[in-house]
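Working notes, beginning with the structure itself.
What you see is a predicted model; the values in this text were computed from it and never measured.
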Amino acid sequence: MRMPWPADEPRFALNGLEMWITGDWWLPHRAGELYPDKPPIFMWLSALSTGLVGDIRIGFALPSLVAGAATLGLSVDLIRRLHGPHTAFIAGLWLLASVQFILQARTAQIDMLVTAFILLGSWGLLRHALLNDGVRYFYLGCFAMGLGILTKGVGFLPLLMLPFWLMAARHASTWRSSGRRAGQLTSRELLIGLCWMLAAPLLWVGPMLVMSFVSGDSELAAYRDNILLKQTAERYTDSWHHLKPWHYFLTSVIPWAWMPLLLTLPSWPKALARRFSRRDLRVWLPLVGAALMVVFFSLSPGKRGVYILPALPLLVIGLAPMLPGLSRKPHVSWLGFALCAGLAGIFLIAALLGVFGYPALATLAEKEGVVPWGWWGLLGVSGITLCTWLKPRNGLLALGIWLVVFWSLWGTWGARLMDPVRNPAVLMAKVAEKSDYQALAIPDFREQYILQARQPLWHFGYKTPEEDQFSRLYAWLKEAPQNRWVLLTPRKLKRHACLDGAQAITLNEPDEQWVLLPGSAAVKCQGNPDAAPMYLAPTSVSNEAAQLIGLPQRHTLMPEVQP
């Protein structure tokens, strides 16, 4: 129903598409330039799913969908082994209803995939610790953690449960798992498991290191240092963006992201106290793991809400034996009813105000280019109808059905409304038409514009300073001013006064304005061909890429812009 949306989806979709059409699989690239911020495993899956399915609209989202299904399946499987099928079914519904889980399973970001690997690691560790099924499951879990490290660096998080497990195993007469002794782990077995964990990332890191040292390529050396140091230890200990206070997850993320599971929160103290008195390791080991994951990410100055997603399945696994009983509590049903009625009421009131031209909403709709009153109105009416029909005693059922309606409308009607705004296909089609499909440069580019390019598209390096980019741009434009163009924002045009603004063609998106300039607009500018590198985006000149994106066939390239 939609193309990849910013901020992260277009980047990973572009990485994967570029891998597929160029055959350069080992190191991910972004529009021809090495992409050093993430290891390649998510991009590999995106490339395979897009190439094999033949449509980027389906392929870019498949890795997260499969990872979400795997996370749900592994959670339910472990709960079934620990507590039986009925408890597993109820707990699985709570996980599936959680806002953060379903949101990330529908979003093509790395976080759902790394959560699946972290949960597979937890599944293997807990199979051995709680069920004593054999050390081979611990080894499997460790290898999955290694794949998680190769995905986003934090795959080792299940090991946070290790000290508590070893303590419980040492005091086996006190801590029990359904009447069974906790699984034992020797130092030798722990060492073997850690070797398995390191083996997975080394399968990629080892050859990458050899390539970087043997080639003598400075760009590849910078890639190596960035991926191994800056994006791991430095990003955790000395983050340079997404800076938040220590309580950010507790006060700004968990209260909405883990709804509606948090409706049962008032009953947790009493229920957990009973489990603690029984020293039930099946409850406390997963809960300790979930809590330590939140603490781990809270200690870093850089925080994003998606970071704590791996803690959510572990929280459900720990609470699982209590959830059937908590689901029948009258106050939980009333809270579910209130939440459903409140959210539906907000949507209905907003839709009615929008229809009658409430100024703030009318301004917002004009700015964003979306008129969602029908969509919001249907959400409101459906929620109020469910609450009226099912009554407060069935409030959880009403909320669950409404969530199905909400996500179904979000992925169909909502996606259709928002896609033209969040996807610059119309803008890039106008740019290609106005510039006669000739070579185009975008300084300070964004990945969604690269994806929708209908002509040869050049850029000057993602992190190259602006002054160096424009110095190189001037030289490039002046080499062939009759068949080269540049796309930039009016703000940048004002900052670079040597460009002839009289030749600018103004183009508008709902939330941003652009100007298109021919090469002749740069005749008064002083350029330097050595100021910055230049990269040609492979997807912008590939007919196969155009077919996968759903664009027309590429036009014949001018001789001077052949890749």
Non-hydrogen side-chain atoms of [X] and [Y] separated by less than 4.5 Å:
X	Y	value
Leu45	Val66	no
Leu427	Tyr449	yes
Trp514	Lys430	no
Pro529	Arg472	yes
Pro28	Met19	yes
Leu52	Trp20	yes
Ile308	Ile254	yes
Leu147	Leu120	no

If every non-hydrogen atom of [X] is compared with every non-hydrogen atom of [Y], which pair is closest and at what distance?
X	Y	value
Thr71	Pro313	CG2-CG, 3.7 Å
Val381	Thr385	O-OG1, 2.7 Å
Gly305	Phe249	CA-CE2, 4.2 Å
Gly59	Ser49	O-OG, 2.6 Å
Ala546	Pro552	CB-O, 3.5 Å
Val114	Gly148	CG2-O, 3.7 Å

Using 30° and 60° as the class limits, which term best fits the ring planes of [X] and [Y]: parallel, tilted or perpendicular?
X	Y	result
Trp476	Trp458	tilted
Tyr35	Phe12	perpendicular
Trp26	Trp44	tilted
Trp410	Trp407	perpendicular
Phe297	Tyr307	tilted
Tyr474	His496	perpendicular

Legend entry - Test side chain to side chain donor-acceptor pair (under 3.5 Å) applied to Ser520 and Gln503, Gln482, Arg484, Lys478, the passing residue: Gln503
Flag, side chain of [X] to backbone of [Y], donor-acceptor distance under 3.5 Å:
X	Y	answer
Asn483	Ala439	no
Ser542	Ala545	yes
Ser540	Leu457	yes
Asp436	Gln438	no
Arg422	Pro6	yes
Asn543	Gln553	no

Assess whether atom [atom1] of [X] is packed by more than 12 heavy atoms of other residues, nucleotides or ligands within 6.0 Å.
X	atom1	answer
Glu366	CD	no
Lys492	NZ	yes
Gln547	CD	no

Legend entry - Identified salt bridge (charged side-chain N to carboxylate O under 4.0 Å, His left out) counterpart of Asp37 within the set Arg11, Lys152, Lys463: Lys463
Legend entry - Lys/Arg N to Asp/Glu carboxylate O, Arg2 vs Glu9, below 4.0 Å: yes
Legend entry - NZ/NE/NH1/NH2 to OD/OE distance under 4.0 Å, Arg304 and Asp8: yes
Inset, instruction - Apply side chain to side chain contact (heavy atoms under 4.5 Å, CB included) to the pair Val431 and Gln455, showing each step before the final yes or no. - result: CA-CA 9 Å; Val431 168; Gln455 61 206 102; 3.6 Å; yes
Using distance alone, with no hydrogens and no angle criterion, decide if [X] and [Y] have a side-chain donor and acceptor under 3.5 Å apart.
X	Y	value
Gln452	Asn423	yes
His29	Tyr535	no
Gln104	Thr115	no

To the nearest 0.5 Å, how far apart are [atom1] in [X] and [atom2] in [Y]?
X	Y	atom1	atom2	answer
Met208	Leu202	CE	CG	10.0 Å
Thr50	Glu18	OG1	CD	13.0 Å
Leu220	Met211	CG	CE	5.5 Å
Gln100	Leu95	CD	CG	10.5 Å
Phe117	Leu74	CZ	CG	11.0 Å
Arg106	Leu65	CZ	CG	9.5 Å

Inset, instruction - Tell me, with the steps shown, if Ser64 and Thr107 meet side chain to side chain contact (heavy atoms under 4.5 Å, CB included). - result: CA-CA 7 Å; Ser64 290; Thr107 304; 5.8 Å; no
Inset, instruction - Begin with the C-alpha distance, continue with both residues' side-chain angles, and end with the deciding distance and a verdict on side chain to side chain contact (heavy atoms under 4.5 Å, CB included) for Phe460 and Asp468. - result: CA-CA 9 Å; Phe460 309 96; Asp468 293 340; over 6 Å; no
Inset, instruction - Report the C-alpha distance between Arg30 and Leu14 in whole Å, list the side-chain angles of each, state the deciding distance to 0.1 Å, and finish with yes or no for side chain to side chain contact (heavy atoms under 4.5 Å, CB included). - result: CA-CA 7 Å; Arg30 171 175 48 194; Leu14 181 64; 4.1 Å; yes
